[in-house]
Asker: 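To start, I am sharing the structure in question, which I have written as C-alpha cells.
Predicted, not measured: the structure shown is a model, and the values here were computed from it. Note: hydrogens, waters and symmetry copies are ignored here, and every other heavy atom, side chains too, is used. Order of listing sets the numbers, starting from 1, for every ligand and every atom in it.
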Amino acid sequence: MDKFDVVIIGSGPGGYIGAIRAGQLGLKTAIVEKDKELGGTCLNIGCIPSKALLTSSDHLHFAQKEAAKHGIVIENARVDMTTMMKRKDKAVKTLVSGVRQLMKTNKVTVFEGFGTITAPGKVSVKSSGGDMQEIETKDIIIATGSAPIELPFAKFDGQTIVSSTEALTFPEPPKRFLVIGGGSIGLELGSVWNRLGSEVTVVEFLSRIALGFDLELSNLLQRALTSQGIKFHLETKVTGVKLVDGRVLATATKGDEEVTFEADKVEFDERKRIKVDAHFRTNVEGIYAIGDVIAGPMLAHKAEEEGIACVENLAGKSGHVNYDAIPGIIYTNPELAGVGITEDEAKAKGLNVRIGRFPFRANPRAITNEDTEGLVKFIADAQTDRILGAHVLNHSASELIAEATSVIEFGGSSEDLGRTCHAHPTLSEAVKEAALAVEKRALSILNR
Ligand SMILES: Cc1cc2nc3c(=O)[nH]c(=O)nc-3n(C[C@H](O)[C@H](O)[C@H](O)COP(=O)(O)OP(=O)(O)OC[C@H]3O[C@@H](n4cnc5c(N)ncnc54)[C@H](O)[C@@H]3O)c2cc1C
C-alpha cells in the first residue's frame with residue numbers, strides 16, 4: 001500500500017472535518033474508526049441525538065404548557081416514545097451516512113478497526129474480526145475523543161447507573177432521574193426527561209450550575225429550570241451510590257449534613273486528556289492530537305477548528321484556532337450561550353470593562369413569541385470598546401450567539417454592532433440593543 005500523508009485516528013468532528021480539509025488540500029489521507037459508524041461521539045451518542053430529543057421534548061412542553069397562551073387547544077398531548085426515538089435515530093443515520101459520503105467525495109480512505117500507533121509513521125488497524133493491517137504515513141493525528149469515566153464508588157451498569165449514552169435511549173421516562181453534575185450534558189438530558197415526565201434532581205458539587213458560563217445568566221437559567229420542575233442541590237458532593245431492589249440510593253454531603261437521594265436511574269459525567277503544544281504537536285515527532293482528547297472545552301466545533309488548523313499546518317499553511325471566539329451552549333429552554341470572557345473573569349483579571357445588558361421582555365419579537373425570558377449581555381473593553389465577551393439566555397440563544405462570535409473574531413466593538421442595522425422585529429435586535437447599552441444608549445429601555 002502507498003504511504004499516506006496523514007492518518008487520522010478517530011472519525012468524530014475533529015477527525016472527519018480534519019480529513020475533509022486534508023482531502024481539500026490534496027493530502028493523501030486516511031481515517032481509522034473502531035466503531036461501526038463514522039461521526040464519533042457527536043453524531044452517534046452526543047450532540048445530535050441529544051438535540052433531537054431536546055427538540056421533540058420541547059415541542060411536547062409547548063403543546064402542554066404554552067400552546068394555550070396562543071389560543072391553540074391541544075387536549076391530551078402525550079408522547080409516543082417509539083416514534084420519538086425513531087426520529088432521533090433517523091437524524092443520526094442521515095448525518096452519519098453523510099459523513100461516509102463526504103469521505104468518498106474528498107478521497108479519504110476509511111479503515112474500519114481499532115487503530116494503534118506502533119511507531120512514528122506506523123498505525124496498525126485491528127478489525128472487529130481480528131484481522132491486522134499496517135498503514136504507513138508521514139504524520140498521524142490522534143482524534144480519539146473522550147469517553148465517560150466512572151466514579152470509583154459508582155460503576156456504570158447500563159441500566160440504573162448510566163452515562164449520557166444510555167440516558168439518550170431510555171425506552172420510557174424513569175420515574176425519578178438523578179443527574180450528578182450540573183454541566184451542559186446533565187442539564188440538557190435532565191431537561192429532556194423532566195419534560196417527558198420524570199422527576200429530575202440535579203446534584204452539583206459547586207455552588208453554581210453551568211460552570212464556564214456567565215454566573216448571572218447561569219443563575220437565571222437555574223431559576224427557569226427550577227420553575228420547570230427540576231430540583232437542584234448545589235454544594236453537594238455525592239459520596240456513595242448503591243442499588244437497592246433495582247433503585248438507586250445515593251449518599252451525599254452538603255456542608256456538615258449527610259443527605260440521601262433515591263432514584264430509578266442515575267447519570268454521571270466526567271472525563272481526562274493528552275498534552276500538545278500550540279500547533280497540536282505531542283511530544284513525539286509526527287504525532288499530533290486534537291479535539292476532546294486534548295485540553296480545552298469539550299465541544300464538537302472546537303474539535304473541528306482544531307482538525308482544520310492541524311491539517312493546514314501539516315500542509316504548510318498557517319492553521320490557527322482563536323480560543324477567545326469559541327461559543328459554548330447549553331440547549332435547555334431557555335438556551336444559555338456564551339463566547340469570550342464572563343463578567344467574573346473580567347473582574348478576576350482586573351480588566352477595565354463596560355457591561356451592556358438588554359432583557360428580552362423589551363424585545364418586540366420576544367413579546368410576539370410569548371417568550372420573553374432571559375437577556376443579552378456584552379462585556380466590552382472600557383478604553384477600546386472591543387467586545388471581549390457576549391452571553392445570551394433565550395430560547396434561540398444558540399443562533400443569536402453567532403453574531404457576537406463573528407464580531408469578536410473580527411475584533412469588533414460594541415459600537416460596530418450597535419451601528420449595524422438589524423431587521424425588525426427580530427430577536428437579534430436585542431443583541432444590537434445590548435451592544436448599545438454598553439454606551440448607555442439602548443433605545444427601548446432606561447439606561448442606568
Ligand atoms: C450527550 C452529549 C451531548 C453533547 N452535545 C454537544 C453539543 O451540543 N455541542 C457540542 O459542541 N458538543 C457536544 N458534545 C461534545 C461533543 O460530542 C464532543 O466534544 C465531540 O464529539 C468531540 O469530538 P472529537 O472528534 O474530539 O471526538 P469524538 O467525537 O469522541 O470521536 C472520537 C472517535 O474516535 C474513535 N476512536 C477512539 N479510539 C480509537 C482507536 N484507537 N481507533 C480507532 N478509532 C478510535 C471513537 O470511536 C470515536 O468515533 C456532547 C457530548 C455528549 C456526550
Side-chain angles (χ1 to χ4, degrees), residues 7-20 30-55 88 92 95-96 99-100 110-118 123-128 133 135 140-149 162-169 179 181 183-193 212 267-271 273-274 276 280 288-308 310 326-332 335-337 339 397-398 401:
V7 170
I8 301 176
I9 307 178
S11 72
Y16 85 75
I17 292 290
I20 292 172
I31 197 161
V32 183
E33 174 54 57
K34 67 174 175 54
D35 287 350
K36 205 168 104 241
E37 303 294 354
L38 302 179
T41 304
C42 175
L43 265 57
N44 293 285
I45 50 167
C47 326
I48 299 305
S50 60
K51 264 75 261 176
L53 289 182
L54 278 156
T55 302
K88 172 202 71 172
V92 170
L95 289 163
V96 160
V99 171
R100 200 164 281 275
V110 177
F111 288 91
E112 290 175 5
F114 191 93
T116 306
I117 302 173
T118 47
V123 175
S124 79
V125 182
K126 187 177 182 183
S127 74
S128 55
Q133 207 172 348
I135 323 176
I140 298 168
I141 301 177
I142 304 171
T144 49
S146 62
I149 296 176
V162 300
S163 70
S164 53
T165 307
E166 292 81 25
L168 289 164
T169 56
V179 177
S184 56
I185 297 174
L187 295 175
E188 289 180 8
L189 292 176
S191 283
V192 165
W193 294 110
E267 189 217 17
F268 282 89
D269 175 41
E270 268 202 40
R271 295 154 189 230
R273 329 280 180 104
I274 297 179
V276 289
F280 311 104
Y288 301 78
I290 56 159
D292 271 12
V293 82
I294 66 169
M298 289 170 136
L299 295 169
H301 43 283
K302 175 255 190 194
E304 291 179 6
E305 295 303 329
E306 289 177 343
I308 290 169
C310 181
I326 296 190
I329 293 150
I330 303 183
Y331 295 80
T332 41
E335 294 176 342
L336 175 57
V339 58
S398 56
I401 201 71

Asker: Just heavy atoms, cut-off under 4.0 Å: does Pro148 contact ligand 1 by side chain, backbone, both, or neither?
Answerer: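 Pro148 to ligand 1: no contact under 4.0 Å from either part.
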Asker: Does ligand 1 have an atom that lies less than 4.0 angstrom from a heavy atom of Leu43?
Answerer: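 The answer is no, since Leu43 has no heavy atom less than 4.0 Å from ligand 1.
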Asker: Going by heavy atoms, is Asp35 under 4.0 Å from ligand 1?
Answerer: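 Yes, that is the case, since the closest heavy atom of the residue is under 4.0 Å from the ligand.
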Asker: Working to the nearest 0.5 Å, report the span between CD1 of Ile329 and CD1 of Ile401.
Answerer: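 Reported to 0.5 Å precision, the distance equals 7.0 Å.
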Asker: Ligand 1 and Ile185, any nitrogen or oxygen pair closer than 3.5 angstrom?
Answerer: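 No, there is no polar N/O contact under 3.5 Å.
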Asker: Polar-atom distance check: Ile290 versus ligand 1, any N or O pair below 3.5 Å?
Answerer: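 Looking only at distances, the answer is no, because the N/O contact criterion of under 3.5 Å is not met.
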Asker: Which of the numbered atoms in ligand 1 are under 4.0 angstrom from any heavy atom belonging to Cys42?
Answerer: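 Every atom of ligand 1 under 4.0 Å from some heavy atom of Cys42: 17 (O), 21 (O), 29 (O).
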Asker: For ligand 1, which atoms sit closer than 4.0 Å to a heavy atom of Gly291?
Answerer: 26 (O)
Asker: Between Tyr16 and Leu38, is there a side-chain heavy-atom distance shorter than 4.5 Å?
Answerer: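 Heavy-atom side-chain distance check fails, nothing below 4.5 Å.
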Asker: Just let me know how Ala303 lines up against ligand 1, side chain, backbone, both or neither, with a heavy-atom cut-off below 4.0 Å.
Answerer: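 Ala303 to ligand 1: side-chain contact only, backbone stays beyond 4.0 Å.
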Asker: For ligand 1 and Leu299, I'd like to know whether there is a polar contact (N/O to N/O, distance under 3.5 Å).
Answerer: yes
Asker: In the structure I gave you, are the side-chain heavy atoms of Ile140 and Ile9 within less than 4.5 Å of one another anywhere?
Answerer: yes
Asker: Enter the distance from Arg100:CZ to Ile31:CD1 here, rounded to the nearest 0.5 Å.
Answerer: 10.0 Å
Asker: For ligand 1, indicate whether the residue Ile45 contacts it via side chain, backbone, both or neither (heavy-atom separation under 4.0 Å).
Answerer: backbone
Asker: Does any part of the side chain of Val179, heavy atoms only, come nearer than 4.5 Å to the side chain of Glu267, both counted from C-beta?
Answerer: yes
Asker: Do Leu54 and Ser191 have side chains that approach each other closer than 4.5 Å (heavy atoms only, starting at C-beta)?
Answerer: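 Yes, side chains in contact.
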Asker: One residue to check: Ser164. Relative to ligand 1, which of side chain, backbone, both or neither has a non-hydrogen atom less than 4.0 Å away?
Answerer: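 Looking at Ser164 and ligand 1, just side chain atoms fall under 4.0 Å.
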Asker: Flag the pair Leu336 / Leu187 as yes when at least one side-chain heavy-atom distance between them is below 4.5 Å, and no otherwise.
Answerer: no
Asker: With only distance considered, is Thr41 within less than 3.5 Å of ligand 1 through an N or O on each side?
Answerer: yes
Asker: With respect to Leu168, determine whether any N or O atom, backbone or side chain, lies less than 3.5 Å from an N or O atom of ligand 1.
Answerer: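 In fact, backbone or side chain, Leu168 has no N or O that close.
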Asker: Enumerate the atoms of ligand 1 whose separation from the nearest heavy atom of Tyr331 is less than 4.0 angstrom.
Answerer: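 Near Tyr331, meaning under 4.0 Å from one of its heavy atoms, ligand 1 has 8 (O).
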Asker: For ligand 1, is there an atom lying under 4.0 Å from some heavy atom of Pro49?
Answerer: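 Heavy atoms of Pro49 never come under 4.0 Å of ligand 1.
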Asker: Any heavy-atom pair between the side chains of Ser50 and Val192 that's under 4.5 Å?
Answerer: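 In short, these two side chains do not touch, never coming nearer than 4.5 Å.
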Asker: I'd like to know if the side chain of Glu305 and the backbone of Lys302 have a donor-acceptor N/O pair within less than 3.5 Å.
Answerer: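 No.
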Asker: Against heavy atoms of Glu33, which atoms of ligand 1 measure under 4.0 Å?
Answerer: 33 (C), 34 (O), 35 (C), 43 (C), 44 (N), 46 (C), 47 (O), 48 (C), 49 (O)
Asker: Would one find an N or O of Glu188, backbone or side chain, under 3.5 Å from an N or O of ligand 1?
Answerer: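 No; the residue has no nitrogen or oxygen that sits under 3.5 Å from a nitrogen or oxygen of the ligand.
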Asker: Side chain, backbone, both or neither: which applies to Ala143 and ligand 1 if a contact is any heavy-atom pair less than 4.0 Å apart?
Answerer: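 Answer for Ala143: backbone.
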Asker: Using heavy-atom distances, let me know which of Ile294, Asp292, Asn44 sits nearest atom 18 (C) of ligand 1.
Answerer: Asp292
Asker: Answer yes or no: is there a donor N or O on one side and an acceptor on the other, between the side chain of Glu335 and the main chain of Ala397, under 3.5 Å?
Answerer: yes
Asker: Do any N or O atoms from the side chain of Gln133 and from the backbone of Val125 form a donor-acceptor pair under 3.5 angstrom?
Answerer: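 A pair under 3.5 Å: no.
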Asker: For ligand 1, which is the ligand I care about here, please tell me if Lys51 has any N or O atom under 3.5 Å from one of the ligand's N or O atoms.
Answerer: yes
Asker: Enumerate the salt bridge (Lys or Arg N to Asp or Glu O under 4.0 Å) contacts for residues 34-55, please, sequence neighbours excluded, ordered by first and then second residue.
Answerer: Lys51-Glu188
Asker: In the structure I gave you, are the side-chain heavy atoms of Lys126 and Thr116 within less than 4.5 Å of one another anywhere?
Answerer: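 The answer is no; the side chains never approach within 4.5 Å.
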Asker: Under 4.0 Å from any heavy atom of Gly40, which atoms of ligand 1 are there?
Answerer: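 Going through ligand 1 atom by atom, the ones under 4.0 Å from Gly40 are 29 (O), 31 (O), 48 (C), 49 (O).
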Asker: Have a look at ligand 1 and work out which part of Ile9, if any, has a heavy atom under 4.0 Å from it: side chain, backbone, both or neither.
Answerer: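 Answer for Ile9: side chain.
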Asker: Which ligand 1 atoms, with their elements, are less than 4.0 angstrom from a heavy-atom of Gly145?
Answerer: 26 (O), 27 (O), 28 (P), 30 (O), 32 (C)
Asker: Relative to the heavy atoms of Ser146, which atoms of ligand 1 are at a distance of less than 4.0 Å?
Answerer: 30 (O)
Asker: Considering residues at least two apart in sequence or located in another chain, which fulfil the salt bridge (charged side-chain N to carboxylate O under 4.0 Å, His left out) criterion with Lys88?
Answerer: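 So Lys88 forms no salt bridge (charged side-chain N to carboxylate O under 4.0 Å, His left out) with any residue.
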Asker: Pull out every atom of ligand 1 sitting under 4.0 Å from any heavy atom of Ser50, numbered as shown with elements.
Answerer: 3 (C)
Asker: Taking distance alone, with N or O pairs closer than 3.5 Å, would you say Gly115 contacts ligand 1?
Answerer: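 N/O-N/O distance below 3.5 Å exists for this pair.
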Asker: So does Gly39 get a backbone contact from the side chain of Ser11, meaning a donor-acceptor N/O pair under 3.5 Å?
Answerer: yes
